[in-house]
Each structure stands twice: as C-alpha cells, then as structure tokens.
Amino acid sequence: MVGDLGGESPAPMILPGTSITEGLLMCGIVGSVHAERGQIDQQLVRRMCALIRRRGPDDDGFFFDGQVGLGMRRLAIIDVNSGRQPVFNEDRTVAVVFNGEIYNYQELREGLLKRGHVLTSHSDTECIVHLYEDFGEDYVTHLRGMFAIALWDLRQKKLLLARDRFGIKPLYYWQDGRDLYFGSELKCLLAVDRYERQMDLQSVSDFFTFKYVPGPRTIYRGIAELPPGHTAVWKNGELTTRRYWQLKYSTDPNKSIDYYREGLLHHLEEAVRLHLVSEVPLGSFLSGGIDSSAIVALMAKICPGNVKTFTVGFGEGQPGADERPYARAVAELFKTDHSECVYDNPQTQVESILPLMLEAFDEPFADSSMIPNYLVCQAARQWVTVAMSGIGGDELFAGYERYRGALAANTYQRLPGVLRHSLRALIHSLPQWDMAGLWIDRMKRFVDGAALPLPERYQQYLSAFTEPDKASLFSQDFLNELRKAHVGSAELAMHKVEQCRDPLEWILLTDMETYLPDDELRKADRMSMWHSLEVRVPFLDHKLVEFVSTIPSGLKLKGWEKKHILIKSLEGILPDSILRRRKQGFSIPLGAWLRGPLRELLWANLTGDALRDLGLFNLQAVERMLDEHDRGVRNHETQLWAAMMFAIWHRTYMKVDGSRAANATVL
C-alpha cells in the first residue's frame with residue numbers, strides 16, 4: 001500500500017533459521033594512541049565519541065590501557081542486549097572496536113569454534129579478535145561486509161586499522177608526530193586541541209573539480225582518510241598502510257550470455273539474502289529504477305509480505321521528473337508497505353536542512369542529491385532502523401550517461417573535420433534555458449571533450465569546473481596562494497587506477513575507486529548516520545562484484561543499452577516498463593530552484609560582503625554566473641551550488657585567516 005509517514009512500525013525481519021541472539025550492530029569508532037607520553041587523555045576520547053552520538057544512540061563503550069584509548073557508539077541491529085563493545089579475545093590481550101556489519105559471521109563463527117576458540121557472545125565483532133589470533137593482519141581478508149575496525153594488540157603494543165573493500169564505512173586519522181588519532185568522522189579529529197585547523201589547498205582546488213574532496217586527502221591539512229581496501233598498522237610511533245584487496249577485471253568471452261545471466265542473478269540473490277538479517281525493522285529505498293527495484297523484488301521473494309519501501313517525489317507545481325508513479329508500480333507489484341516523501345516547499349525544506357547536512361559532512365560537499373538522500377533517510381527512520389539501497393549498480397553495469405558519451409566520442413572523432421566544426425558551432429550557439437539547459441550544457445561538454453584522449457575527456461565530463469574555469473573563478477590573491485603552495489591541477493581520475501585494455505572497464509574501475517567511495521558512499525553514510533539509520537548496499541558484496549568483473553564490457557553497455565546483462569538477468573522478475581525506462585537518477589530540479597525558491601539563499605551567500613570577506617573568489621566571475629543563470633542564458637547550477645556550499649562551509653568551519661573557527665563542530 002502507499003501511505004504517509006505515520007503509523008505502526010513493521011515487525012523485525014528475521015530470516016528463517018536465524019537465531020534472535022545472533023549479533024550485528026552499526027556504530028562509530030574513535031581512538032588515540034601515544035608513543036611516549038604516558039597515560040592517554042580519557043576525556044578527549046570520550047569527547048570525540050560523544051560527537052558521533054548520532055551514529056550510535058543506543059550505547060557507548062571504552063577501553064583504556066595506558067598509551068591507548070578506544071571508544072565506540074552503538075546502534076543495535078541484532079544481539080541488542082549483549083552485543084556491547086569493546087570486545088576481547090579469551091585472555092583479553094586483543095581488544096577491538098568496530099563499525100559495520102560482517103555478513104558471513106555465522107560461517108566464520110562455526111570455523112572458529114571448530115578450531116577451539118571460546119566465544120562468549122553471538123556478536124559478529126567477536127569473530128574479528130579470534131580471526132586476528134589465527135591469521136594475524138590478514139584476518140581482514142576473511143570478512144564479507146562493510147566495516148571500519150580498530151584493533152589493539154596488548155602484547156605487541158600495536159594498533160591495526162582496517163576499512164572495507166569499497167569504502168562503505170569511513171575512517172579518518174591524524175598523526176601528530178608519533179601519536180595517532182582516528183575516528184569515523186572528521187569532527188572527531190577536529191575536537192583534538194592540539195590539531196591546528198588549516199585548509200589543504202590542493203583539496204580546495206580538487207573540490208571545485210569533482211564537487212567532493214577526493215580521498216585519501218581531506219579538506220583539513222594533515223588529516224587523511226584510510227583508503228578503501230586498506231589496512232594501517234601503528235607501532236612504536238610509525239604508521240604503515242597496505243592494500244589488502246583490489247578489483248581486477250578478468251573476462252572470458254567464451255562464456256555464454258546465459259552463464260553470466262544466471263550467475264549474476266544467483267550472486268545478487270545471495271547478496272540480498274545475506275544483507276537481510278536484522279532484529280530491528282528493515283526496509284528499502286525505492287526509486288522505481290532498475291537497481292532499487294531489483295533489490296525490492298528479491299527482498300519480497302525471500303521475505304514476502306514483510307517489506308517496507310520509501311521514495312521521494314515532487315509536490316504539485318514543482319518542476320522535475322517525479323519517479324513516484326514508477327516506485328508506486330513496483331511497490332504494488334511486490335505488495336510492499338510503501339511511503340512517499342514529497343517536496344512541497346523546497347525553500348523551507350532545503351534551507352532548514354542545509355546546516356544539518358553541512359554538519360554531517362564536516363567538509364564541503366556539493367552533490368545536490370544529498371538533499372533527497374537526507375529527506376528519504378529522515379522519512380525511513382520514522383519506520384525502520386535498516387534500509388537497503390541500490391548504490392553500486394551504475395558503477396558495476398555501466399548505468400551512467402557519461403559512459404556512453406565517453407565512448408561515443410571515438411565515433412564522433414571519425415566524422416569529417418568540417419562536419420565536426422559545424423556541429424560544434426551549432427551546439428555552442430544554442431541558448432541554455434529552463435530544463436533544456438542541462439542537456440545543452442552536456443552537448444557542449446561532449447563536443448569540447450571529444451577530441452581529447454580518454455582520461456582528459458572523461459575528466460572534462462566529470463568536472464564541475466575545468467582548470468581554466470577555476471583560474472577564472474578564483475581571486476588573484478587565492479591563485480597566488482595556490483602557486484606558493486605548489487598546488488597543481490587536479491589529478492586525472494583515470495590516472496589514479498591501473499589502466500585496463502578495455503576502455504569501458506578502465507572507466508568503470510575509475511568510478512569504483514574514486515566517485516563511488518568519495519561521493520556516493522560518503523553521501524549515503526553521512527545522510528543515513530545523521531538519522532541513526534543503517535544503509536546496506538547488496539550490490540557491493542565483494543563476491544558479487546568479483547563475479548561481475550568477469551562479465552565482458554560488451555554485455556554491460558551493449559550498443560546504446562546500459563546495464564544490458566542486469567536487464568537480461570531480471571527479465572521475468574521486473575516488468576519491461578521498469579527495465580526499459582530511461583534512467584532519471586536521484587536528483588532535484590536544481591537549476592529551476594536556484595532561479596526560484598532557492599534564489600534568495602543563493603544570492604545571499606554569493607554576493608556582497610558575504611563573498612568578498614571570503615577572499616577566494618573573483619567577484620565578477622561569480623556575479624556573471626549568477627546573472628546568466630538568473631536570466632536563463634546559461635545553466636550554471638552545478639558551479640553555483642558548489643560555490644555556495646563551499647562558501648557556507650568556510651564561514652562555518654574556518655576563519656578568513658584560516659585559523660580555527662570558534663564554533664566549528666556545532667552549527
């Protein structure tokens with residue numbers, strides 16, 4: 001049924017054969033370790049932990065042992081009454097705090113018991129300490145799930161940090177000489193009195209390229225993010241990092257499409273089944289697109305009649321593509337209990353949540369789909385504690401329009417030069433107005449980038465501001481600061497990963513290692529955890545991903561059909577109206593809103609003294625973008641939103657001179 005956001009919460013979802021005492025939990029972790037200075041500052045660790053209470057409102061736990069302090073906040077999912085942390089091994093020589101879910105913990109537990117370990121709970125966390133006893137630092141390769149882990153070996157006086165393969169859960173750290181501080185969010189490290197807050201100027205420049213700060217850097221000088229698929233070991237004041245998992249493409253063109261279709265469906269259903277274990281109410285986001293609809297369909301197959309779904313739409317009179325009818329059709333088909341969250345007053349809704357979203361991220365972030373993500377998480381949390389998401393499907397199966405554009409440029413290059421010149425002149429002569437403006441801008445980007453080599457071309461298609469754009473955007477004083485700091489151009493995203501022979505595989509791998517963790521997963525984590533909601537992403541089960549990496553790229557993007565192999569796998573499960581419809585994405589009509597209900601907010605932050613005092617922007621360049629967008633001459637929605645989000649972040653978290661803001665962690 002389709003309902004509003006009131007009423008009774010659904011019953012907890014427990015898979016057949018699952019004990020009510022088996023333990024999973026979601027939380028946040030913090031800690032510090034000193035090489036030489038004696039006793040740890042326990043109050044600091046407690047203060048760091050309190051700042052991430054939203055990640056785990058149910059409980060906290062601490063471990064202090066001279067030079068080390070560990071802390072955690074707990075959001076209980078399973079083993080609600082006994083899954084507390086920190087967790088120890090039998091002789092209490094290994095302690096661990098853990099944020100995430102280990103989906104194969106029952107299998108791991110059986111193996112540990114057979115090898116003679118004594119387990120005192122049914123928590124997945126307890127498996128970690130015993131796996132470490134058996135396998136040392138390689139314990140992490142046995143885990144199937146999402147996680148950020150801090151483990152202290154009391155005998156060796158050694159701290160081990162680990163992050164899951166795709167970066168679903170975050171982990172930041174700052175090393176002060178030989179001392180180390182870490183936490184699930186940046187605000188934990190900003191609370192350390194000894195940290196002198198300064199901007200990382202390379203990260204500032206990179207933000208205006210990508211609309212997010214690419215890891216492992218952060219916007220704060222000296223604070224880093226542990227990359228996905230990495231571990232870090234601290235001992236005697238020395239920190240070393242190591243990559244323990246890396247995605248490799250290894251396709252076999254001799255396998256039939258039926259082999260890949262059947263194998264994909266098997267692995268996807270297994271991943272969904274593993275992700276369903278929960279002792280608290282569980283639901284799913286539902287856009288009516290292929291990815292979320294596939295997850296809902298398999299949830300309904302595994303647990304019929306016990307699925308709650310949530311979607312976001314636009315109220316009457318609001319511009320933008322409303323996906324509610326598609327989501328509603330899927331909900332009716334699979335008989336889910338469906339709720340809708342509606343934009344009926346974007347000015348009030350966006351202005352009220354903007355400072356909250358900023359506090360959730362702690363650094364500038366300008367993917368405007370953070371807004372619908374915030375609202376759907378807010379709505380879902382009224383009903384459930386866990387929600388499934390289709391994140392990862394686009395990166396696995398070539399679901400973004402830019403993939404077709406990057407490869408279509410090869411065909412465009414083969415056109416006669418006179419024809420290419422005429423087409424480019426025609427496209428650049430088109431005015432950018434209303435909803436068509438975004439598509440015209442994409443056409444201009446396409447023809448401008450088509451002649452470039454693939455890495456430069458793809459970067460141009462990704463960028464909010466190109467390098468020449470940034471040279472015009474920034475003030476001369478700030479450009480001088482960038483030069484003094486030897487800040488260079490943003491590194492090409494495709495040069496951050498190992499080159500693949502297949503162009504599409506190279507692009508997909510690039511997004512899996514850059515855009516996915518730094519934008520999509522970061523956004524999902526912050527918006528959900530702000531509401532104490534756990535989001536699970538079955539498409540990023542690493543066993544499923546490893547199988548998908550064997551599928552030839554021609555079965556992912558087949559001609560002009562995106563996600564071809566996923567569509568073939570879901571035939572007979574989802575109707576053609578869902579499988580064949582055009583992708584819309586989890587987006588808002590940002591361009592129209594910045595000329596309408598959000599115009600006052602935009603102009604208040606990007607004009608006058610508010611912008612001048614910042615000292616970063618060329619005022620004339622910003623005023624030109626505002627004027628052109630306002631008159632409908634050009635669509636500058638992406639650029640203006642990025643500039644506004646950075647300006648608001650800077651005034652909140654930094655003083656003009658770059659020193660610590662007075663009230664930087666609480667708005």
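By convention here, the first residue in the shown sequence is residue 1.
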Taking the six-membered ring for Trp and the single ring otherwise, decide whether the centroids of Tyr403 and Tyr400 are under 6.0 Å apart. yes

May I ask you to check whether Phe365 and Phe646 place their ring centers less than 6.0 Å from one another? no

Can [X] and [Y] be counted as having a side-chain donor-acceptor contact under 3.5 angstrom?
X	Y	result
Glu520	Tyr515	yes
Ser472	Asp469	no
Gln175	Tyr181	no
Asp362	Tyr653	yes
Gln43	Asp41	no

Nearest heavy-atom neighbours spanning [X] and [Y]:
X	Y	value
Phe478	Leu616	CB-O, 3.8 Å
His531	Arg381	O-CG, 3.0 Å
Leu239	Tyr173	CD2-CE1, 3.5 Å
Ala360	Lys187	O-NZ, 4.0 Å
Ala647	Leu606	CB-CD2, 4.3 Å
Trp649	Glu363	NE1-CA, 3.5 Å

Identified side-chain contact (heavy atoms from CB on, under 4.5 Å) partner of Ile371 from the options Val312, Val376, Ile353: Ile353

Of Leu51, Ile223, Thr218, Val30, the residue whose pairing with Leu189 passes side-chain contact (heavy atoms from CB on, under 4.5 Å): Ile223

Examine distances only and state if a side-chain atom of [X] and a backbone atom of [Y] form a donor-acceptor pair shorter than 3.5 Å.
X	Y	value
Gln459	Glu491	yes
Asp627	Glu623	no
Ser184	Ile29	yes
Arg631	Leu626	no
Asp518	Gly215	yes
Glu637	Gly591	yes
Trp234	Leu161	no
Asn635	His629	no
Glu467	Ser489	no
Arg74	Asp60	no

When rounded to the nearest 0.5 angstrom, what is the spacing between [atom1] in [X] and [atom2] in [Y]?
X	Y	atom1	atom2	value
Met512	Asp394	CE	CG	11.5 Å
Asn605	Ile648	CG	CD1	4.0 Å
Arg54	Ser528	CZ	OG	12.0 Å
Arg651	Leu358	CZ	CG	10.5 Å
Glu534	Ser389	CD	OG	12.0 Å
Ile391	Arg536	CD1	CZ	14.5 Å

Please list, chain by chain and in numerical order, all residues satisfying side-chain contact (heavy atoms from CB on, under 4.5 Å) with Pro227, sequence neighbours excluded. Pro216, His230

Got a sec: does the CD of Glu456 have more than 12 other heavy atoms crowding it under 6.0 Å? yes

Check whether NZ of the Lys or CZ of the Arg [X] lies under 6.0 Å from the centre of the six-membered ring of [Y] and within 45 degrees of that ring's axis.
X	Y	answer
Lys470	Phe207	no
Arg599	Trp603	yes
Arg221	Tyr195	no

Take Arg522 and Glu225, measure what salt bridge (Lys or Arg N to Asp or Glu O under 4.0 Å) needs, and give me the verdict at the end. CA-CA 11 Å; Arg522 188 178 297 171; Glu225 185 177 31; 3.2 Å; yes

Worked check of side-chain hydrogen bond (donor to acceptor under 3.5 Å, both in side chains) between Arg402 and Tyr458: CA-CA 8 Å; Arg402 60 178 179 261; Tyr458 193 61; 2.8 Å; yes

Identify whether the distance between the nearest side-chain nitrogen and carboxylate oxygen of Arg55 and Asp525 falls below 4.0 Å. yes

Could you check whether Glu359 pairs with Arg526 (Lys NZ or Arg NE/NH1/NH2 to Asp/Glu carboxylate O, under 4.0 Å)? no

Could you walk me through whether Ser463 and Thr209 pass side-chain hydrogen bond (donor to acceptor under 3.5 Å, both in side chains), step by step? CA-CA 5 Å; Ser463 297; Thr209 299; 5.3 Å; no

Is there a side-chain hydrogen bond (donor to acceptor under 3.5 Å, both in side chains) between Asp367 and Ser369? Walk through the geometry before answering. CA-CA 5 Å; Asp367 182 341; Ser369 65; 2.7 Å; yes

Output, in order, the C-alpha distance, side-chain angles, deciding distance and verdict of salt bridge (Lys or Arg N to Asp or Glu O under 4.0 Å) for Asp200 and Arg217. CA-CA 8 Å; Asp200 183 286; Arg217 290 179 179 268; 2.9 Å; yes

Can you list everything that forms a side-chain hydrogen bond (donor to acceptor under 3.5 Å, both in side chains) with Ser532? Sequence neighbours excluded, please. none

